[in-house]
Amino acid sequence: MTNLVVEVAVSSTPVYAGNNDGTLSYRVAPELSGQVQMGSLVLVPLGKRRAVGVVVAIKERTDRTELKDVAAVLVKEFLPPEMIEIGRYVAGRYVCPLAVAVNALMPPAAGRRLERRWCWLPSGEEGVNGAISLVSCLPAPAGDVAEYLSRRGAAWESQLLQLGPRREVRAALEALKAHGLVRNEWSWRGMPKERRLPTDVEGAAQAAAVKPDGTGRHITLDAAQLRAATSINAALGRGGTFLLYGVTGSGKTEVYLSCAAEALARGYQVMFLVPEHSLIPQMVTRINQRLEAEVAVVHGELADGERAAVWERARIGKVRVIVGTRAALFTPMPRLGLIVVDEEHAGSYKQDTAPRYDAREVAIKRGQLQRAVVVLGSATPSTEIFYLAGQGKIHLLELPQRAGNAGLPRVEIVDLRAEFHDGHHGILSRRLVEEINGVLTAGRQAILFLNRRGYAPYVLCRQCGHVPLCRHCAVALTYHRDGTLRCHYCGYIERAEGKCPVCGGNLSRLGSGTQRVEEEVRALWPGARILRADRDTTAKKGQWEKIYRTFAGGEADILIGTQTITKGMDFPGVTLVGVVNADLSLYQPDFRARERTFQLLTQVAGRAGRRDAPGTVVIQTYNPQDPAIALAAFQDYQRFYAQEIAMRRRLGYPPFVKLVRLGFTGSDEAEVIAAAHEVAELISNAESNIQVLGPAPGYPSRLKDLYRWQLMLKVPGWSRYKNRLTPILAPYIGRRTIRMIVDVGPINPW
DNA sequence: AGCACGCCGACT
DNA sequence: GTCGGCGTGCTC
């Protein structure tokens with residue numbers, strides 16, 4: 001009988017320097033050996049506690065002799081092999097411990113957790129009396145513990161710990177155990193409840209409204225849509241990656257649904273990914289209208305039990321369609337045939353905590369592993385993906401026309417320099433005011449977009465130059481209309497003083513946020529019904545849905561908002577979209593600022609006049625000549641892409657190099673900088689082909705009391721270099737005082 | 001990440 | 001005298 005040894009990715013991850021993949025080895029006792037396989041969920045001893053973990057490797061023997069035993073096999077067939085493969089891919093590509101990657105693949109605990117249960121052993125009056133006399137010479141709370149246990153027979157450890165100081169109760173329990181008065185065992189506390197799968201109520205109602213004869217489910221495609229769908233369908237069962245590039249309103253979703261119907265008909269499972277969870281309901285609605293299959297949703301705000309229910313039912317193939325945000329990608333689906341990544345260009349497909357994966361790349365990998373077709377869709381594809389399409393590595397499918405021949409909106413660019421020159425200093429230009437007047441007169445709706453919440457982004461003393469800063473971050477505080485100053489990075493709030501705390505001078509509120517826009521709009525159109533949607537008005541659950549419904553139902557005239565209002569929303573009554581300040585996103589210190597600005601303006605413009613009435617878009621800017629703005633006005637993606645890719649090639653940015661960001665944080669700035677320098681040196685010396693930029697401060701340079709510095713690496717080819725770079729970085733991963741984060745292919749500025 | 005140990009200030 | 005602050009070290 002051979003001794004099996006398993007590598008276990010423990011879910012409460014013991015990541016520390018020197019334990020690179022975060023996995024631990026355990027011996028498998030002979031009687032358990034038949035029950036363990038790759039992907040099994042096991043219970044293992046870890047220090048003084050027990051932990052659950054997943055078997056990621058099985059070996060015959062090991063050089064280590066003093067291994068502990070696997071305590072129990074909880075679920076023999078748990079993670080399917082392709083999901084463990086995904087875990088390895090994520091860990092390798094994004095430089096994180098395997099255990100962290102595997103953790104992302106796990107269903108939530110689903111209300112079950114392991115806890116020690118203590119039982120009282122002495123029986124009969126005599127036994128109890130004897131025990132109690134023994135207890136009197138044990139550490140302090142032993143009496144309380146003994147009384148509690150003897151009365152109930154057994155209790156959970158967390159209940160007992162409430163009887164006194166944790167430490168003493170623990171000591172008392174150990175002493176009682178040593179005297180043979182109590183016994184403990186690990187068991188599951190609370191069992192998962194049978195749950196209804198999370199789905200979308202509104203969507204379900206609409207699906208129910210579909211007539212039983214099946215009308216309403218029929219999908220009519222135009223020629224371009226049909227060509228795209230045919231190509232995709234032809235790849236079902238074999239796999240392949242497609243970019244569905246279709247201008248806004250060209251009907252990409254119809255293509256997805258048509259292909260999904262075909263995939264389902266052939267017995268496959270289908271996965272839809274959307275950039276953020278507010279977009280799930282409308283996708284579910286459309287799926288329910290068109291497809292006859294049970295749809296489940298997956299996103300971060302589901303209760304654990306609901307997520308676990310979807311996870312399990314998808315794993316056994318009962319759920320055939322899921323719709324979710326990037327985390328849904330890790331739902332096991334044995335018959336996966338189609339993965340749709342909608343709005344592929346969205347930055348939210350990159351996770352900004354470990355594992356820092358890019359859902360598009362992982363989707364493609366998963367497609368390869370399971371021979372599933374991957375369809376990335378966008379009206380403004382990311383430069384990297386469009387480049388891959390140009391290289392023939394991804395099949396390009398185009399939808400060049402708006403469906404139903406709806407025209408493109410008329411886009412007007414307002415030059416704020418001229419506006420200023422003519423003495424107009426208001427937030428809304430004369431042109432925009434005129435357009436809003438027209439919309440209100442016609443009884444239509446308008447959207448005003450400004451990507452900045454609050455009233456004034458900063459406050460300044462004109463006498464001494466003092467600017468109130470956050471106490472925890474290196475950023476100016478934003479003035480809010482409720483008379484507070486707020487940090488938009490950490491949430492710190494203080495009362496706004498009337499006078500400068502330094503010199504007593506008058507404070508000016510500079511710049512404009514959505515609250516100021518709202519104020520101005522209310523002053524100009526006192527009778528208009530106005531809604532504002534930003535993090536301050538939509539933070540609580542259900543608030544955004546309410547605003548959305550009110551506006552979509554025509555019960556408001558003007559919607560003012562930040563980013564949230566731009567994403568794929570379909571408001572039929574909107575004939576005017578105003579971009580209050582297009583320059584805000586253009587001047588972020590990031591090589592992707594142009595791309596983001598172009599995408600944002602194009603998407604925003606796509607919100608105007610999708611139906612019968614032609615739409616108008618007014619873009620206010622101080623830089624009307626900038627290509628990102630000018631080309632967005634014409635919805636000219638191709639020309640924008642041509643300029644962008646040329647710039648990337650010239651300056652050495654992705655896709656021509658892989659960027660790797662190394663972020664360093666700590667409470668001692670000098671040590672943070674020193675660590676960054678140290679790593680910079682190490683890499684420069686070891687790899688002359690890797691360009692090391694920095695150290696440079698992050699933005700903000702201090703966040704929540706931690707200093708932030710970074711290095712940016714330009715790596716010629718990541719798959720070649722990651723195996724060389726990882727060992728250099730390994731000793732710095734898992735350190736405590738100065739932390740280093742590795743972000744491969746960062747999307748969002750740091 | 002937990003969870004322990006261990007060494008120093010403020011309180012019944 | 002204790003309670004508990006978090007620095008440091010360990011977990012197969």
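Throughout, a chain's letter reflects where its sequence line sits, starting with A, and its residues are numbered from 1.
In this structure, A:Ile738 atom CD1 and C:dT8 atom P are separated by 12 Å, rounded to whole Å. If you take CG of A:Asp21 and P of C:dT11, they are 16 Å apart, rounded to a whole angstrom. For A:Leu46 and C:dT11, the CG to P distance is 10 Å, given to the nearest whole Å. Atom P of nucleotide C:dT11 and atom NZ of A:Lys68 are separated by 9 Å, given to the nearest angstrom. When rounded to the nearest whole Å, the span between CD1 of A:Ile733 and P of B:dA1 equals 13 Å. Between A:Asn103 atom CG and B:dA1 atom P the separation is 12 Å, expressed in whole Å. The distance between atom CZ of A:Arg49 and atom C1' of B:dA1, rounded to the nearest whole Å, is 7 Å. Taking atom CZ of residue A:Arg50 and atom C1' of nucleotide C:dC12, one finds them 14 Å apart after rounding to whole Å.
Side chain of A:Gln269 to main chain of A:Val319: a donor-acceptor pair is present (N/O by atom type, distance under 3.5 Å, no hydrogens or angles).
In this structure, A:Arg708 is positioned above the aromatic face of A:Trp750, its NZ or CZ under 6.0 Å from the six-membered ring centre and within 45° of the axis.
A donor and an acceptor atom, one from each side chain of A:Tyr699 and A:Gln710, are nowhere located under 3.5 Å apart. A donor-acceptor pair shorter than 3.5 Å cannot be found between the side chains of A:Tyr707 and A:Glu671.
Between A:Arg735 and C:dG9 there is no side-chain N or O to OP1 or OP2 distance below 4.0 Å.
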